[in-house]
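Have a look at the structure below, then the notes.
Note that the numbering runs from 1 along the sequence shown for the chain.
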Amino acid sequence: KENNTDQLNLYQCDQVAKRLHMKQDTKAALMFFSDLNVIFYYPEVLPDVIFVNPMSLINIVTCIIKYIVYGTGCLQINDPVLDKARYEGMISLKLLEWMRLDVPQVYKSSIIKEDKLLELLLHLRIVCKSGDHYFMPSLLTGMDSNDIENLLSKHPDSVAPCAVYYENRWLECGTFGFLITSLLSSKEWKLALEDGSKLSCVHSNIIKMCYDSCSIVTFVDYVSHIEIHVKAGCTSACQDICPKIMWSVFNAFNKAKPLFTFICPCQKFQRHVAKFNSDSLKRKFVSCSRDPCNAFSLSELGVEPLVWNIKPLRVLELNYNEIVGRIQESDLLADILYSCKMIKHDLKDTVCNTTDVRDKN
C-alpha cells in the first residue's frame with residue numbers, strides 16, 4: 001500500500017515479511033488479514049495473487065457490470081456477444097478478453113489474466129458455469145412486482161410455495177444471486193428453457209430453473225424472504241421432490257443457514273411469511289410474522305406437511321441460534337456488487353423501494 005499497489009504476488013509478500021522480520025508463515029499471515037477483510041486472498045484459486053486493496057477486485061467486477069449493462073465501451077449496442085450478457089446474464093472468456101482491448105482501464109495495474117478472473121468469480125459464486133458461458137445474475141435487471149404476480153398466476157404451483165428467510169433480519173444484498181449460482185453449480189439444477197433454447201425467465205429478482213430434469217422451480221426475491229414455487233405434477237411427485245429441493249437450498253448456504261416456512265395468507269401487509277413456534281408443529285398452525293396473534297392452521301395454507309417435510313424445518317429452527325460464523329468474503333463481495341447495481345439502475349417496486357430499508361438494516 002505504501003507503493004500505491006493494489007495487488008501483490010506471493011514473492012513480493014515474502015520480501016515484505018523478511019523486511020519486517022516476521023517469524024510467522026507468510027501464507028498464514030495473509031489468511032489472518034484476509035479473515036479480517038484487510039486484504040483479499042484466495043489461495044484455492046489464486047495462490048500467487050494478493051489483493052492488498054480489496055476495492056481493486058470490486059472495481060474490476062463493477063467495471064464489467066458497467067461495461068455490459070451501460071455499454072461504456074466502443075462495442076455496438078446490438079453486438080450478439082454483448083446482448084447475450086446484457087439480456088441473459090451470460091459472459092464468456094471472449095467477452096472479457098474483448099474488454100481488455102476495448103476498455104483497458106478496467107484491468108489497469110491488474111496482474112490477473114481473464115481466465116484466472118473467471119476462476120475467481122466461480123469460486124466466489126458471483127458466476128457459475130453454463131455450457132460454454134458463465135451465468136452472472138448481477139447483470140440482470142429486475143422484474144416489476146405486478147409482472148411477477150401475473151407470471152405466477154398464469155402458471156399455478158403444484159403445491160403451496162415454500163419461503164426461505166432469516167429470523168429478525170432481512171436478507172443480505174446479493175443473497176439471491178449467491179443462492180442461484182450455488183444451486184447451478186450442482187448437476188441437479190439447470191436454467192429453465194423455452195422452445196428448447198431460449199431462457200425461460202431470468203431477472204435479478206425472479207429466475208426459473210429446472211430441478212432433476214423433471215420439475216420447474218421458480219425462485220422469487222422479495223427482499224424479506226425468497227419464495228420457492230414448484231411445478232412438478234401430481235402430489236406424490238411433489239412429496240418426493242420438494243424435500244430434496246429444500247435440502248439443496250439449505251446446503252447452498254455456507255454458514256448462515258436460513259429457516260424455511262410458508263407464505264402468510266392474512267393479506268394485511270405486503271407479502272410476508274408465516275412462522276412456526278415451539279407449539280406450532282404439535283398443533284399444526286403457523287403465526288403471522290407481522291402480527292403474532294394472528295394464527296392459521298396448515299389446512300388454511302393449503303399445505304400438506306409431508307410435502308415440504310415439516311419435521312426437519314423445526315430442527316433447523318432450533319439449530320439456527322447455534323449456528324455461528326461470519327459472512328464469508330464471497331457474500332460480502334456479492335453484497336457490494338448487487339447494491340451498486342440496484343442503486344445505479346434505480347429499480348422500482350420490490351427492488352428499488354427496499355434499498356433504503358436494506359441500508360437501515
Notebook entry, point to check: Can a cation-pi geometry be assigned to Lys129 and Tyr134, taking NZ or CZ under 6.0 Å from the six-membered ring centre and within 45° of the ring axis?
Noted result: yes
Note to self: For a quick test of reading the model, state the closest non-hydrogen atom pair linking Phe51 to Ser56 and the distance between them.
What the structure shows: CD2-OG, 3.4 Å
Note to self: Can you give me the closest heavy-atom contact between Val81 and Lys94, atom names plus distance?
What the structure shows: CG2-NZ, 4.2 Å
Next item on the list: Spell out, as yes or no, whether a donor-acceptor pair under 3.5 Å connects the side chain of Ser200 to the backbone of Ala192.
Entry: no
Check: Does Ile64 reach the side chain of Leu117, with side-chain heavy atoms less than 4.5 Å apart?
Finding: yes
Item checked: Separation between CG of Leu118 and CE of Met136, rounded to the nearest 0.5 Å -> 9.5 Å
Margin query: Tell me every residue that passes salt bridge (charged side-chain N to carboxylate O under 4.0 Å, His left out) with Lys84, counting only those two or more places apart in sequence or in another chain.
Written below: Glu88
Notebook entry, point to check: Do Ile263 and Met246 belong to the same hydrophobic cluster, where Ile, Leu, Val, Met, Phe, Trp and Tyr are linked whenever their side-chain heavy atoms lie under 4.5 Å apart, directly or via other members?
Noted result: no
Notebook entry, point to check: Got a donor-acceptor contact below 3.5 angstrom from the Tyr41 side chain to the Pro47 backbone?
Noted result: yes
Check: Heavy atoms, side chains only, cut-off 4.5 Å: are Asn294 and Cys266 in contact?
Finding: yes
Next item on the list: Identify the heavy atoms of Lys208 and Ile216 that sit nearest to each other, and give their distance.
Entry: CD-CG2, 4.4 Å
Note to self: I want to know whether Trp189 and Phe219 have ring centres closer than 6.0 Å.
What the structure shows: yes
Notebook entry, point to check: Got a sec: does the CG of Asp132 have more than 12 other heavy atoms crowding it under 6.0 Å?
Noted result: no
Note to self: Applying salt bridge (charged side-chain N to carboxylate O under 4.0 Å, His left out) to Lys116 and Glu119, what does each step give before you reach the verdict?
What the structure shows: CA-CA 5 Å; Lys116 291 298 182 181; Glu119 287 184 26; 3.7 Å; yes
Next item on the list: Please name the pair of heavy atoms, one in Val69 and one in Leu139, separated by the smallest distance, quoted to 0.1 Å.
Entry: CG2-O, 3.7 Å
Notebook entry, point to check: Does any non-hydrogen side-chain atom of Val49 lie less than 4.5 Å from one of Asn9?
Noted result: no
Check: If Ile, Leu, Val, Met, Phe, Trp and Tyr residues are connected whenever their side-chain heavy atoms lie under 4.5 Å apart, and connections chain through other members, are Tyr11 and Leu8 in the same group?
Finding: no
Notebook entry, point to check: Going by heavy atoms in the side chains, are Met90 and Leu199 under 4.5 Å from each other?
Noted result: yes
Next item on the list: Check step by step if side chain to side chain contact (heavy atoms under 4.5 Å, CB included) holds for Arg169 and Glu172.
Entry: CA-CA 9 Å; Arg169 68 182 175 92; Glu172 297 285 345; 3.7 Å; yes
Note to self: Within the 4.5 Å heavy-atom criterion, are Tyr67 and Leu95 side-chain neighbours or not?
What the structure shows: yes
Check: For Ser130, which residues count as a side-chain hydrogen bond (donor to acceptor under 3.5 Å, both in side chains) partner, sequence neighbours excluded?
Finding: none
Item checked: Distance (rounded to the nearest 0.5 Å) between Gln7 CD and Leu46 CG -> 9.0 Å
Checklist line | Point-to-point distance, once rounded to the nearest 0.5 Å, from OG of Ser145 to CZ of Arg271 | finding: 11.0 Å
Next item on the list: Quick one: pull up CD in Glu227 and CG in Leu152 and give me the separation to the nearest 0.5 Å.
Entry: 7.5 Å
Check: Does Glu149 CD have over 12 foreign heavy atoms under 6.0 Å away?
Finding: yes
Checklist line | Derivation and outcome, salt bridge (charged side-chain N to carboxylate O under 4.0 Å, His left out), residues Glu188 and Lys244 | finding: CA-CA 10 Å; Glu188 293 86 3; Lys244 295 178 181 178; over 6 Å; no
Next item on the list: Quick one: closest heavy-atom pair of Pro156 and Lys231, and the distance?
Entry: O-NZ, 3.5 Å
Check: Are any side-chain N or O atoms of Ser204 and backbone N or O atoms of Ser138, one a donor and one an acceptor, separated by less than 3.5 Å?
Finding: no
Item checked: Spacing of CZ belonging to Arg86 relative to CD1 belonging to Ile65, to within rounding of 0.5 Å -> 13.0 Å
Item checked: side-chain hydrogen bond (donor to acceptor under 3.5 Å, both in side chains) between His272 and Gln270, worked out -> CA-CA 6 Å; His272 59 283; Gln270 290 182 337; over 6 Å; no
Next item on the list: Answer yes or no: is there a donor N or O on one side and an acceptor on the other, between the side chain of Asp147 and the main chain of Met143, under 3.5 Å?
Entry: no
Check: Does the side chain of Leu191 come within less than 4.5 Å of Cys210's, by heavy atoms?
Finding: no
Checklist line | Heavy-atom closest pair, residues Val273 and His225 | finding: CG1-CG, 3.6 Å
Margin query: Apply side-chain hydrogen bond (donor to acceptor under 3.5 Å, both in side chains) to residues Ser182 and Arg125 and explain how you reach the verdict.
Written below: CA-CA 6 Å; Ser182 297; Arg125 298 296 170 86; 3.2 Å; yes
Next item on the list: Find out whether Gln12 and Ile50 are in side-chain contact, i.e. whether some heavy atom of one side chain is under 4.5 Å from a heavy atom of the other.
Entry: no
Margin query: If hydrophobic clusters are built from ILVMFWY residues whose side chains come within less than 4.5 Å, do Phe135 and Tyr211 share one?
Written below: yes
Check: With a 4.5 Å heavy-atom cut-off, do Leu171 and Phe176 have their side chains touching?
Finding: no
Notebook entry, point to check: Counting only N and O atoms by type, is there a donor-acceptor contact under 3.5 Å from the side chain of Asn205 to the main-chain atoms of Asp221?
Noted result: no
Checklist line | Donor-acceptor contact present, side-chain Ser34 to main-chain Leu30, <3.5 Å | finding: no
Check: Can you tell me how far the CG atom of Leu121 sits from the SG atom of Cys128, to the nearest 0.5 Å?
Finding: 11.5 Å
Next item on the list: Evaluate the ring planes of Tyr42 and His123, with Trp represented by its six-membered ring, and classify them as parallel (under 30°), tilted (30 to 60°) or perpendicular (over 60°).
Entry: perpendicular
